[in-house]
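Contents: one structure, followed by commentary.
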Amino acid sequence: MKLIIALLFLMLVGCAGLHSTPPDNYSSTSDPSTIRVPFDQYGDIYPSSPETKMPEQKYFGFNHAFSIKNFLENNSHPYNDDLIDQRYSNIATQIVTKAKRHQGSKIVFLIHGFNNSFEEASDSYEKIKSFMRLHSKTHFIFVEIYWDGLYKGPFSFPLPLAYWFDSLTYSNIAGQVGLRRLFNHLPDNSHISIITHSRGAGVALSALHDPVYDSHIIVPHFEELNPYKIGKVNLISIAPAVGTGHLFSDMPDNIKQSSQFFIGFNENDPALQKSIKKFGVDSRNFGDTSLGTDDLYYLEIEKKLNKNSKVIQRVKYENYHSHSFDGYIQNEEKTKCLLWASELIDENPDGCQLKKI
């Protein structure tokens, strides 16, 4: 009987993903132009390291929300709202200081997708940063955003759908509560670029406008976006795993009028398609992911936004039947087109049909 109970327990535990928590030395980087900013599942920013010991990595996981504030308080390390606000101010100061050292620097936020550990996200960030530096003479300030959407561990259920729905909520909260608060600490009229993969688009969009939640979701306290902080946004979303939960028509007018959204679109992306034809399942089911893969839905959004100018445009990745960010980066011409149009690289690749404002 005890063996049966133990096996049932392992099965239930194994269904859960692991928390994507940063390592003890996460703030330390050999790249002076990079700043790392992790958020927990309540949208709270992590303290810097190695000054503060980070949570221990686990092998088994539960689908409950993780709070860095509670963790530190339970370990006799108070981390209150005043200290959190000071942390935001320090990050904003770092961004401004690094930008001033190099005239013409561009601030680029990088946001990973669903089912990424801290290490996996960091590895992808290094690849896109190397790609940009190879094709541009611009000096970049990279702000690497890490959000806890849970990820597959060694004993997790093989299909991450077990925690995909939780991830939808956590991504929105990371943006609406955490990233938005960081934006509000930036100097007025800041020009920023944001590069996202997969559900990272949900984080970025939730920072810019309030997302739609299911009725049972309790959202932590969040700030309204200060309309004077963001002067221009170039949002590059590769394989965005978002849909009707983000109402583009509700985007603040000042952001829509001065900014551009570039979509890496792929009708063959299996993670976005979620296509099981015989069961009638497609990109609109189990968490809408239509923007990056459904032609009709994309055109509907394009019609709403592009009334006076080309606010939203797309590049089609063809013959790529995967969701991996690395594979998208390796499709050089398509990715270069997105980055050129968003003014992040110098070379206009052959065949690029995107337009700059």
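L272 and F114 are not part of a single hydrophobic cluster, where members link through side-chain heavy atoms under 4.5 Å apart. Both I194 and I128 are assigned to one and the same hydrophobic cluster, defined by single-linkage of ILVMFWY side chains at heavy-atom distances under 4.5 Å.
Ring orientation note: the planes of H185 and Y88 are close to parallel, at an angle under 30° on the 30°/60° scale. Taking the six-membered ring where the residue is Trp, W147 and H112 present parallel rings, their angle staying beneath 30° rather than reaching 60°.
Residue pairs meeting the salt bridge (charged side-chain N to carboxylate O under 4.0 Å, His left out) criterion with at least one member in residues 185-199, sequence neighbours excluded, are D188-K229. Applying the side chain to side chain donor-acceptor pair (under 3.5 Å) test to every pair with at least one member in residues 66-76, sequence neighbours left out, gives these pairs: K69-D81. For residues 325-357, every residue pair satisfying the ring-ring contact (aromatic ring centres under 6.0 Å, His included) rule, not counting sequence neighbours, is listed here: H197-F325, Y317-Y328, Y320-Y328. Evaluation of the side chain to side chain donor-acceptor pair (under 3.5 Å) test over residues 212-221, restricted to residues two or more places apart or in two chains, returns Q176-Y213. Residue pairs meeting the disulfide (SG to SG under 2.5 Å) criterion with at least one member in residues 302-342, sequence neighbours excluded, are C337-C352. Under the salt bridge (charged side-chain N to carboxylate O under 4.0 Å, His left out) criterion, no residue pair touches residues 101-113, with sequence neighbours excluded. Here salt bridge (charged side-chain N to carboxylate O under 4.0 Å, His left out) pairs that include residues 107-124, with residues two or more places apart or in two chains, are D123-K127. For residues 33-47, the set of pairs meeting the salt bridge (charged side-chain N to carboxylate O under 4.0 Å, His left out) definition, not counting sequence neighbours, comprises R36-E144. For residues 183-240, the set of pairs meeting the disulfide (SG to SG under 2.5 Å) definition, not counting sequence neighbours, is empty.
S237 and T196 are linked by a side-chain donor-acceptor pair at a separation below 3.5 angstrom, with hydrogens and angles left out of the test. For the residue pair S206 / N172, a side-chain donor-acceptor distance below 3.5 Å is found, with atom types taken as modelled. Using a 3.5 Å distance cut-off with no hydrogens or angles, the side chains of T29 and T34 do not pair a donor with an acceptor. S33 and H139 are not linked by any side-chain donor-acceptor pair at a separation below 3.5 angstrom, with hydrogens and angles left out of the test.
Using a 4.0 Å cut-off between a side-chain N of Lys or Arg and a carboxylate O of Asp or Glu, K274 and D269 do not qualify as a salt bridge. Under 4.0 Å is where a charged nitrogen must lie from a carboxylate oxygen, and between D346 and K137 no such pair does.
In this structure Y46 satisfies the ring-ring contact (aromatic ring centres under 6.0 Å, His included) test with no other residue, sequence neighbours excluded. When the side-chain hydrogen bond (donor to acceptor under 3.5 Å, both in side chains) test is applied to Q330, no partner is found at least two apart in sequence or on another chain. Scanning for side-chain hydrogen bond (donor to acceptor under 3.5 Å, both in side chains) contacts around E51 gives S48, with sequence neighbours left out.
Within a 6.0 Å radius of NZ in K53, other residues, nucleotides and ligands contribute 12 heavy atoms or fewer. D350 CG: 12 or fewer foreign heavy atoms inside a 6.0 Å radius.
Y163 places no side-chain N or O within donor-acceptor distance of the main-chain N or O of L18, the cut-off being under 3.5 Å. Remark: the backbone N or O of G200 is not paired with any side-chain donor or acceptor of S198 at under 3.5 angstrom. Within the 3.5 Å criterion, the main-chain N or O of S27 finds a donor-acceptor partner in the side chain of S49. Using a distance-only test at 3.5 Å, with no hydrogens or angles considered, no donor-acceptor pair links the side chain of D148 to the main chain of H19.
We find the CG-NE2 distance between N268 and H321 to be 4.0 Å, quoted to the nearest 0.5 Å.
In this structure, the side chains of V143 and L110 stay at 4.5 Å or more apart for every pair of heavy atoms. In this structure, the side chains of I107 and S190 stay at 4.5 Å or more apart for every pair of heavy atoms. Residues Q260 and I312 are not in side-chain contact: their nearest non-hydrogen atoms beyond the backbone lie 4.5 Å or more apart.
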**Request:** Show the numbers, then the answer: is there a salt bridge (Lys or Arg N to Asp or Glu O under 4.0 Å) between R180 and D210?
**Result:** CA-CA 10 Å; R180 183 182 297 182; D210 294 341; 2.7 Å; yes

**Message:** For a salt bridge (Lys or Arg N to Asp or Glu O under 4.0 Å) check, start with the C-alpha distance between E300 and K303, then their side-chain angles and the critical distance, and finish with the verdict.
**Reply:** CA-CA 5 Å; E300 175 187 334; K303 184 177 180 180; over 6 Å; no

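Checked against the 6.0 Å centroid criterion, the rings of Y170 and F165 do not qualify as a close aromatic pair.
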